[in-house]
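The block underneath contains the structure these notes are about, expressed in structure tokens.
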Protein chains: 2
Amino acid sequence: MNGADHLCATLLANGVDTCFANPGTSEMHFVAALDRETRMRCVLGLFEGVVTGAADGYARMADKPAATLLHLGPGLANGLANLHNARRAFTPMVNVVGEHASYHLQYDAPLTSDIESLARPMSHWVKRSGGAASVGADAAEAVRAARQGQGRIATLILPADAAWGELPADTAAVVAAAPDAPAPISPESVRAAAQALRSGQPAMMMLGGLALRERPLAVAGRIARATGVKLVTETSNRRAERGATRTPVDRFPYPLGAALEKIQGIKQLVLVGARDPVAFFAYPGKPSLLAPADCARTLLAHPDQDLTQALEWLADELGIAPDAPGLQAPAPQTELPVQGRLDSAAVGRLLAARLPEHAIVCDESITQGREFPALSQASAPHDYLQLTGGSIGIGLPLATGAAVACPGRKVIALQADGSAMYTAQALWTQARENLDCLTIILANRSYAILHGEMKSMGVTELGRNARRMLDLDEPALDWVHLARGMGVEAVRTDTVQAFAQALAAGLARQGPFLIEAVI
Amino acid sequence: MNGADHLCATLLANGVDTCFANPGTSEMHFVAALDRETRMRCVLGLFEGVVTGAADGYARMADKPAATLLHLGPGLANGLANLHNARRAFTPMVNVVGEHASYHLQYDAPLTSDIESLARPMSHWVKRSGGAASVGADAAEAVRAARQGQGRIATLILPADAAWGELPADTAAVVAAAPDAPAPISPESVRAAAQALRSGQPAMMMLGGLALRERPLAVAGRIARATGVKLVTETSNRRAERGATRTPVDRFPYPLGAALEKIQGIKQLVLVGARDPVAFFAYPGKPSLLAPADCARTLLAHPDQDLTQALEWLADELGIAPDAPGLQAPAPQTELPVQGRLDSAAVGRLLAARLPEHAIVCDESITQGREFPALSQASAPHDYLQLTGGSIGIGLPLATGAAVACPGRKVIALQADGSAMYTAQALWTQARENLDCLTIILANRSYAILHGEMKSMGVTELGRNARRMLDLDEPALDWVHLARGMGVEAVRTDTVQAFAQALAAGLARQGPFLIEAVI
């Protein structure tokens with residue numbers, strides 16, 4: 001048994017049995033160890049952004065970490081953007097980053113780089129394994145770190161000689177100690193939150209992280225029904241359990257103007273696993289903090305605390321019975337578009353109406369899918385996964401990982417075209433693994449969000465340079481060809497009828513399929 | 001005039017007139033400034049790995065830096081792998097990385113990250129602009145840093161408020177001081193190198209960096225002819241001027257066994273802008289340093305010195321006249337394959353024979369193009385650009401940037417399929433800009449280099465997990481579809497005849513074209 005075998009055994013002993021990978025030469029001993037261990041499922045991504053994004057989607061749905069296998073500093077670098085998103089989601093993840101043999105580093109071979117410096121900004125925990133003898137303990141520590149609180153990004157740097165170094169054949173896997181219990185809920189916070197909601201002032205309760213699962217949401221719904229507090233989720237959420245049988249909660253808007261309007265007049269803001277809302281970007285003369293200056297903030301519980309307990313205690317404190325009525329989802333949209341030129345609203349309406357039960361929706365629709373969260377409050381119960389860190393290129397990998405975690409559930413990527421181009425290689429993994437992923441590309445052929453930003457700067461007419469940087473036409477991307485190039489069947493639609501048909505076909509089949517919705 | 005305008009004017013005043021870009025919201029004021037300045041050519045990449053790889057290819061051919069425009073930490077992160085390659089090539093480059101407004105950072109908005117930590121491993125120079133008033137001086141400093149020695153990676157972090165801050169309308173662009181002159185050649189080094197070559201012992205002269213241009217190569221050729229020293233280039237080179245009229249130089253091999261064999265018995269190693277050769281990766285029981293223990297090393301000149309002068313002085317010291325004969329390229333291959341199943345040797349031979357004069361060959365063929373450098377020594381004069389840092393995914397972006405720098409010259413990417421998938425988005429930029437790029441995908445449908453590594457570890461039969469991580473079949477990538485999806489015409493060939501026809505067609509046309517060579 002070598003260090004790589006021990007690493008592999010330790011991951012398995014700690015419940016990490018899925019490894020999203022793109023290996024290189026320095027990881028060959030780990031690859032050989034994975035090859036000897038058939039209980040580990042290895043899923044190849046043809047680019048590391050697919051690997052880390054898929055590990056994120058997997059963990060959001062499986063509620064446990066996957067491992068990733070990345071090749072040295074540059075392989076990690078390619079995965080960093082989606083690690084950034086995962087870090088913002090507090091997704092549990094264990095990255096194994098291969099590294100040169102420790103004695104080889106001094107020669108500064110071409111692929112040498114400062115892996116720690118690259119890893120730290122997007123990891124909560126970083127460690128370089130000291131050698132074969134410690135790699136099991138290091139891996140157990142990484143898993144424990146990944147399981148802290150709602151989840152953490154743990155990055156273990158694996159020198160090649162730690163992987164190939166020999167250990168006694170009977171070396172046992174190291175089992176990680178259980179992570180610390182969540183910090184206890186503070187009775188003072190519960191009382192303070194209750195006082196805020198009883199104040200009679202306009203109040204908003206912002207929910208984030210694990211508060212968006214069915215059970216805590218139901219409690220929040222009872223609190224809202226009883227007190228009149230407005231419920232909102234944070235703008236970008238790791239996973240929300242939504243749909244007709246769940247408590248409906250509005251999403252706090254992304255655009256600065258809409259966000260300010262939403263929170264205008266609120267005097268009491270109660271945060272439940274959510275952060276005091278801040279502007280995604282700064283704008284000249286506009287506030288960074290979005291809540292009004294005279295709005296009191298009360299932190300009921302931070303994201304690593306037991307949010308269900310916090311909400312239950314708050315309901316108790318407010319004297320709301322466990323069987324008190326909660327919020328009901330709105331009536332479903334019955335009037336559906338049937339014909340005409342396709343637009344994003346029609347896509348959203350049709351998808352919301354047709355969503356299969358327990359579907360998993362990965363939304364990276366950016367500007368074009370902003371209607372969908374509202375439209376889908378009355379949809380069949382589903383999970384809703386968002387871009388959490390603002391770094392585009394997560395949608396297709398996220399769907400890939402969610403499908404690996406949840407065989408038997410339909411995964412739907414509602415995906416803008418510009419961001420899809422960042423990590424389109426995920427389609428190949430969907431084909432390779434025959435994942436039940438339906439991708440809807442909202443093809444507006446521009447970075448529409450940036451057109452909006454230019455307009456709000458007062459630039460009404462773009463010159464050549466700006467157009468050349470914000471438009472994705474000339475040539476238009478052909479998603480049917482792109483998908484087929486990676487082994488995924490696809491159709492293009494630009495009318496409501498054709499889209500409705502394609503959607504029905506895509507939902508009826510099993511396995512990957514892509515609809516290019518030209519809007 | 002705002003800071004962004006001043007930045008733009010300063011770049012132009014310092015000869016930086018091409019900007020490879022993928023902007024985001026925090027860069028909108030810089031985009032607006034670029035839009036007001038028609039002298040700047042902005043080239044969009046649909047992923048940042050394309051942006052930085054293209055800036056590398058541009059600078060290798062233009063011998064001056066391009067600018068890149070990247071969106072915050074994640075945008076930089078996406079470009080890091082090719083920055084790593086550019087750093088290893090010592091390519092001059094000025095990265096402008098957008099950042100939140102300085103006062104907004106404290107709120108840790110979703111896209112916030114530690115940009116310096118991300119930038120440093122792949123940059124020689126990193127600075128955060130202090131504000132609108134200093135951004136011109138900062139940009140001039142960045143250009144100066146990029147022009148140090150043979151070239152450097154300079155990364156300027158541009159807070160949004162430094163971009164939008166107002167300056168007096170008549171603020172002049174800041175002109176960078178000339179970079180320091182190259183360090184003078186040491187007469188002692190010249191004498192020591194001459195002594196090594198006169199020793200009568202088996203000697204090798206390893207050339208790197210700017211020593212691979214026509215003029216210094218000619219001097220090296222005269223020295224080799226007169227002294228019998230073996231000439232080699234480093235394994236991975238930024239740009240080599242090669243072909244029938246140039247001095248033929250072997251490439252130092254990549255595979256460890258071949259490298260050790262090549263240098264076996266050498267007692268005198270003279271380094272000219274090259275580093276003492278080290279193994280790309282460590283292997284158990286194998287050396288990291290490749291030259292034999294009893295081989296003396298003599299550094300004639302380091303890469304930042306004037307390598308032409310160093311070689312001329314060495315020739316003088318050795319008493320070799322400027323008109324002494326040099327090395328001649330070997331006779332061209334006249335026997336070309338005409339039919340049969342296509343293989344990489346046939347691709348290499350046909351391409352070497354048909355290479356148009358002054359073509360630029362970007363070689364990321366990894367295992368499948370290893371014959372090409374030897375085969376093309378007798379080709380028409382051409383430039384030859386390699387993967388310098390071992391981080392795959394540079395070939396198509398490199399070709400893109402080289403074509404932007406050199407209109408009127410045919411650019412040929414000799415490209416492995418696995419690495420092409422990393423940054424295939426470059427094809428779209430080739431279509432958008434109508435660049436004269438011919439891409440030859442060597443489609444072996446596997447990470448063949450890793451199969452080789454597994455074999456040399458003694459693993460003769462791969463299990464499911466290893467096969468699933470090293471093979472790119474199931475499904476096979478369809479490069480004709482992928483290329484068409486990005487607006488590039490393409491054909492697939494799997495016979496010698498068909499490839500020869502496609503090659504002729506691809507060379508005859510102008511504009512982007514792709515040949516999938518199934519081997």
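In what follows, chains carry the letters A, B, and so on, assigned in the order in which the sequence lines appear, proteins first and then strands, with residues in each chain numbered from 1.
- A donor atom on one side chain and an acceptor atom on the other are found under 3.5 Å apart for A:Glu48 and B:Tyr422.
- Between the side chain of A:Asp35 and the backbone N or O of B:Ala466 there is at least one donor-acceptor pair closer than 3.5 Å.
- In this structure, B:Asp114 contributes its side chain and A:Pro121 its backbone to no donor-acceptor pair below 3.5 Å.
- Contacts of A:Ser236 with chain B are absent, with no heavy-atom separation under 4.5 Å from either backbone or side chain.
- Although no hydrogens or angles enter the test, the distance criterion places no donor-acceptor pair under 3.5 Å between the side chain of A:Ser391 and the main chain of B:Pro74.
- Most heavy-atom pairs under 4.5 Å with chain A: of the set B:Gly487, B:Gly418, B:Ala101, B:Pro23, this distinction falls to B:Pro23.
- For the atom pair OG1 of A:Thr25 and CG of B:Leu256, the computed distance is 11.5 Å after rounding to the nearest 0.5 Å.
- There is no contact between B:Thr235 and chain A, counting heavy-atom distances below 4.5 Å.
- At a 4.5 Å heavy-atom cutoff, A:Gln106 makes no contact with chain B through either its backbone or its side chain.
- With a 4.5 angstrom heavy-atom cutoff, A:Ala160 does not touch chain B via any of its atoms.
- Annotation: maximal heavy-atom pairing with chain A below 4.5 Å, among B:Ala81, B:Gly390, B:Ser117, occurs at B:Ser117.
- Residue A:Arg36 does not touch chain B at all, counting heavy-atom pairs closer than 4.5 Å.
- Counted by atom type alone, A:Tyr107 and B:Asp276 present zero donor-acceptor pairs between their side chains at under 3.5 Å.
- A salt bridge does not link A:Arg432 to B:Asp471: none of the charged side-chain nitrogens sits closer than 4.0 Å to a carboxylate oxygen.
- Within a 6.0 Å sphere centred on CD of B:Glu489, heavy atoms belonging to other residues, nucleotides or ligands number 12 at most.
- Contact annotation for A:Trp428: both backbone and side-chain heavy atoms come within less than 4.5 Å of a heavy atom of chain B.
- Neither the backbone nor the side chain of B:Ala483 comes within contact range of chain A; no heavy atom of the residue lies under 4.5 Å from a heavy atom of that chain.
- Comparing B:Leu72, B:Leu289, B:Val480 by heavy-atom pairs within less than 4.5 Å of chain A, the highest count is held by B:Leu289.
- Proximity to chain B involves both the backbone and the side chain of A:Leu472, based on heavy atoms less than 4.5 angstrom apart.
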Please report the C-alpha distance between B:Phe281 and A:His104 in whole Å, then the side-chain angles of each, then the deciding distance to 0.1 Å, and finally whether the ring pair (Phe, Tyr, Trp, His ring centres under 6.0 Å) criterion is met. CA-CA 8 Å; B:Phe281 292 103; A:His104 195 62; 7.9 Å; no
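- Between A:Met469 and B:Ala21, the shortest heavy-atom distance links the atoms SD-CB, 3.5 Å.
- Within the 4.5 angstrom heavy-atom criterion, only side-chain atoms of A:Tyr447, from C-beta onward, approach chain B.
- For chain B, the nearby part of A:Met457 is the side chain; its heavy atoms alone come within less than 4.5 Å.
- Nearest approach of B:Ala282 to A:Trp164, heavy atoms of both residues: O-CZ3, 3.8 Å.
- Contacts of B:Asp161 with chain A are absent, with no heavy-atom separation under 4.5 Å from either backbone or side chain.
- When all heavy atoms are compared, the tightest approach of B:Phe280 to A:Ala109 is O-CB, 3.6 Å.
- Within the model, atoms CZ of B:Arg484 and CG of A:Leu477 stand 16.0 Å from one another, a figure rounded to the nearest 0.5 Å.
- Options B:Asp478, B:Leu111, B:Leu482 differ in how many heavy-atom pairs under 4.5 Å they form with chain A, and the most are formed by B:Leu111.
- Both the backbone and the side chain of A:His29 come within contact range of chain B, with heavy atoms under 4.5 Å apart.
- Ranked by heavy-atom pairs shorter than 4.5 Å toward chain A, the options B:Arg88, B:Met421, B:Glu453 are led by B:Arg88.
- Distance OG/B:Ser113 to NE2/A:His84: 6.0 Å, rounded to 0.5 Å.
- Ranked by non-hydrogen atom pairs under 4.5 Å with chain B, the options A:Gly75, A:Ala77, A:Gly389 are led by A:Gly389.
- Options B:Leu46, B:Leu80, B:Val31, B:Val278 differ in how many heavy-atom pairs under 4.5 Å they form with chain A, and the most are formed by B:Leu46.
- Note that the CG atom of A:Leu450 and the CE atom of B:Met28 stand 4.0 Å from one another [nearest 0.5 Å].
- For a residue to count as touching a neighbouring chain, one of its non-hydrogen atoms must lie under 4.5 Å from one of that chain's; by this rule A:Asp108 touches chain B with backbone and side chain alike.
- One distance of note links OG of A:Ser419 with CZ of B:Phe47; it measures 12.5 Å at 0.5 Å rounding.
- Contact tally against chain B (heavy-atom pairs below 4.5 Å) for A:Thr388, A:Val459, A:Asn22, A:Ile449: the top residue is A:Asn22.
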Run the side chain to side chain contact (heavy atoms under 4.5 Å, CB included) check on A:Leu118 and B:Met122 step by step: do they pass? CA-CA 9 Å; A:Leu118 296 170; B:Met122 276 62 163; 3.8 Å; yes
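- The distance from atom CG of A:Leu44 to atom CG of B:Asn465, rounded to the nearest 0.5 Å, is 11.0 Å.
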